[in-house]
Amino acid sequence: MKSMKQWMLATATAAALLATAIPMSASAQASDQFIAIPSYRVGPYGTNGQSYYGGYVDYLNYVNLKDGGINGVKISWEECETEYNNAKGVECYERMKNKNPVTKGTAINSMATGISYALIDKSAEDKVPLLMMGYGRTDAVDGSVFPYAFPLVTTYQMQVSAIVKFLANKNGGSLAGKKIVFLYHDSAYGKEPIVALQAESSIGKFKLVEIPVAHPGNEQGAQWLRIRQENPDYVIFWGWGVMNQTALKAAQKVGYARDKIIGSWWAGSEEDTIPAGDAAKGYMSATWNVAGKNVPLIADIEKVVYGAGKGNMQDKNKVGSILYNRGVSAAIATVEAVRTAQGKYGKKVMSGEEVRWGLENLNISNARLQQLGATGLLPEIKTSCDNHEGSGKVRIQQWDGMKWVLVSDWIEGNKNLIHPLFKASAAKYAKEKGITPACMK
């Protein structure tokens, strides 16, 4: 493991190189399965984006190099820098959605809840599948209302429910009488789980204190003084980017134990913990993918892609990190959706409409994960019109000062509580938009 100083130096160097780099793409041909990637590798969240999109692009390259594409259909792609900005995200979408006239919008994955909110109507109108891998609108799980939106793997509301379940299990099965602070990024991302956490508080009889943090989150002094005053039993933390390491350092400064803080999966990467140094030790977070190169697929990507001199990461040492492996996981779902669609429509370039069908009929079983060399990398995903999420499970990991260590098996959130919440939200959305809910064929 690199030292904190080495890690930060490598990250700063990578950011500087990327800021002046030419657009990263694989040139599109009409015979290619083109994938538009509205990414962010610069700006306040650029460090995180570098690892995530590095993993995403490396897997696309891997499929081309290892298998000659998806059933013989080569993959091409192009990135467009959004800087995690909603307006720029929409601009990138409009510029790239019809880049390949044959493919016309395979799928689009912005890794930004705000951008996804801005695109959810546009993408449905344009028949471009909107991937929201571990982010986005929870109510888009209902495919009868959101046929082109896919919050795959696990939603924010199911995640926060799973975190509550984990904390309850640490306290003999109940959080009654406890106090929990919800410290969150004051954005669509941070606000998304609140309704679920309020419902959990009501049935679990614990006191909930909500404390927002303004973008980008590098000023948290007042929030942590209040947390010290509140003296909660736990802090559930919904941070992103620089906000995460800032929070861990602030918690140390006010004397709040890090092993009482449990973050979302976007607040649980090496980019968050290594820069925080000793302040991160003991901190926990949820995750829907594991870290490490001990996953055969990750080791093979390093061998095949980087062995060919085509790796996307400026800092190769980040291969196998949490966000890198998450990018690989997201790319697996993208490729498997195309492969699933090919099973119905033929081994050729798939349209956005055909990929939509593939996403709604995904079945990434443990057997399939084993075939891919990705056993344990992410949970099984099985989707349907009623369930565009496909899993709902997370694991909890803890930072031991050097690496992430898993401290739980897969945990599923409280479906009986969460699903009615998003169903009601989806029904309200359908009424406001004049949508008649129906499953597409």
Side-chain angles (χ1 to χ4, degrees), residues 51-52 54-71 75 109 131 133-134 150-155 158-159 162 166 265 268-270 284-307 311 313 316 318-340 342-343 358-359 361-384 387 389-398 400 403-413:
S51 296
Y52 178 90
Y56 194 89
V57 169
D58 275 352
Y59 185 73
L60 300 182
N61 236 333
Y62 174 79
V63 172
N64 278 346
L65 292 168
K66 182 90 170 180
D67 303 326
I70 309 170
N71 288 317
I75 308 168
N109 173 24
L131 286 181
M133 299 287 295
F150 292 86
L152 287 178
V153 189
T154 306
T155 61
M158 284 292 281
Q159 176 187 195
F166 174 77
W265 50 59
S269 69
E270 293 84 352
M284 291 182 285
S285 84
T287 184
W288 57 265
N289 67 280
V290 300
K293 298 180 185 178
N294 57 332
V295 177
L297 173 61
I298 303 301
D300 205 36
I301 288 172
E302 187 170 44
K303 177 183 175 182
V304 172
V305 180
Y306 287 81
M313 294 296 297
K316 183 183 168 185
K318 289 189 178 183
V319 172
S321 66
I322 278 286
L323 288 176
Y324 179 90
N325 287 8
R326 187 164 300 159
V328 171
S329 301
I332 287 173
T334 306
V335 169
E336 290 304 297
V338 174
R339 197 186 308 276
T340 300
Q342 287 180 338
L359 284 164
N361 291 274
L362 268 182
N363 185 14
I364 306 177
S365 63
N366 281 329
R368 179 57 183 155
L369 289 171
Q370 185 174 17
Q371 289 174 349
L372 294 170
T375 301
L377 177 63
L378 67 159
E380 293 181 292
I381 303 173
K382 185 174 177 59
T383 58
S384 66
N387 189 348
E389 180 181 44
S391 170
K393 295 179 180 178
V394 302
R395 298 185 77 171
I396 306 299
Q397 59 184 4
Q398 188 167 34
D400 70 358
K403 64 184 180 303
W404 288 107
V405 178
L406 293 168
V407 293
S408 83
D409 203 344
W410 292 107
I411 303 172
E412 184 176 60

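Bear in mind the structure is a predicted one, so any value in this text is a computation, not a measurement.
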* Asked: Who are the side-chain hydrogen bond (donor to acceptor under 3.5 Å, both in side chains) partners of D67, not counting sequence neighbours?
  -> none

* Asked: Counting N and O atoms only, with roles assigned by atom type, does the side chain of Q397 sit under 3.5 Å from a partner on the main chain of G268, one being a donor and the other an acceptor?
  -> yes

* Sub-3.5 Å donor-acceptor pair from the side chain of N61 to the main-chain atoms of G311, do we have one? -> no

* Atom CG of L60 and atom CD1 of I70: how far apart are they, to the nearest 0.5 Å? -> 8.0 Å

* Structure fact -> On a heavy-atom basis, the closest approach of A291 and S321 is CB-C, 4.4 Å

* Structure fact -> Taken to the nearest 0.5 Å, the spacing of I298 CD1 from Y324 OH works out to 6.0 Å

* **Heavy-atom side-chain proximity of W265 to I322 below 4.5 angstrom** => no

* Please examine the side chains of W288 and M133, heavy atoms only from C-beta on, and report whether any two atoms are closer than 4.5 Å. => yes

* Asked: Are the side chain of Y52 and the backbone of A330 linked by a donor-acceptor contact shorter than 3.5 Å?
  -> no

* To do: Check whether any side-chain heavy atom of L152 sits under 4.5 Å from a side-chain heavy atom of L131, and report yes or no.
  => yes

* **Backbone N/O of M158 and side chain of T155: donor-acceptor pair under 3.5 Å** => yes

* Scan for salt bridge (charged side-chain N to carboxylate O under 4.0 Å, His left out) pairs involving residues 324-337, sequence neighbours excluded, and state none if there are none. => E336-R339, E336-R368

* Structure fact -> Distance col, row L369:CG vs L377:CG, nearest 0.5 angstrom, shows 7.5 Å

* Taking the side chain as every heavy atom from C-beta outward, state whether V319 and I301 have any atom pair closer than 4.5 Å. => no

* **Atom pair CD1/OG1 of I364 and T340 - distance to nearest 0.5 Å** => 7.0 Å

* For V153 and N289, what are the C-alpha separation, side-chain angles and deciding distance, and is it a side chain to side chain contact (heavy atoms under 4.5 Å, CB included)? -> CA-CA 10 Å; V153 189; N289 67 280; over 6 Å; no

* Asked: Got a sec, which residues hit side-chain hydrogen bond (donor to acceptor under 3.5 Å, both in side chains) with S329, two or more places apart in sequence or on another chain?
  -> none

* Should V328 and Y62 be marked as a side chain to side chain contact (heavy atoms under 4.5 Å, CB included) after you check the CA-CA gap, both sets of side-chain angles, and the distance that decides it? -> CA-CA 10 Å; V328 171; Y62 174 79; over 6 Å; no

* Would you confirm whether S408, through its side chain, and I396, through its main-chain N or O, come within 3.5 Å as a donor-acceptor pair? => yes

* To do: Provide the closest heavy-atom pair for W410 versus P379 in the form atom of the first, atom of the second, distance.
  => CH2-CD, 3.3 Å

* **side-chain hydrogen bond (donor to acceptor under 3.5 Å, both in side chains) partners for T154, two or more places apart** => none

* Structure fact -> Rounded to the nearest 0.5 Å, the CD1 atom of I381 sits from the CZ atom of F150 at a distance of 12.0 Å

* Structure fact -> Closest heavy-atom pair, V290 versus V295, reported as atoms and distance to 0.1 Å, is CG2-CG2, 3.9 Å

* Check side-chain hydrogen bond (donor to acceptor under 3.5 Å, both in side chains) between N71 and all other residues, then give those that pass, not counting sequence neighbours. => Q342

* Quick one: salt bridge (charged side-chain N to carboxylate O under 4.0 Å, His left out) pairs with a partner in residues 285-294, sequence neighbours left out? -> K293-E302

* To do: Starting at CH2 of W404, measure out to CZ of R395 and round the result to the nearest 0.5 Å.
  => 14.0 Å

* Asked: Do any N or O atoms from the side chain of E412 and from the backbone of G392 form a donor-acceptor pair under 3.5 angstrom?
  -> no

* To do: Please assess V305 against L65 for the test side chain to side chain contact (heavy atoms under 4.5 Å, CB included), listing each intermediate value before the final yes or no.
  => CA-CA 7 Å; V305 180; L65 292 168; 4.2 Å; yes

* State whether a side-chain donor-acceptor pair under 3.5 Å links Y56 with T334. => yes

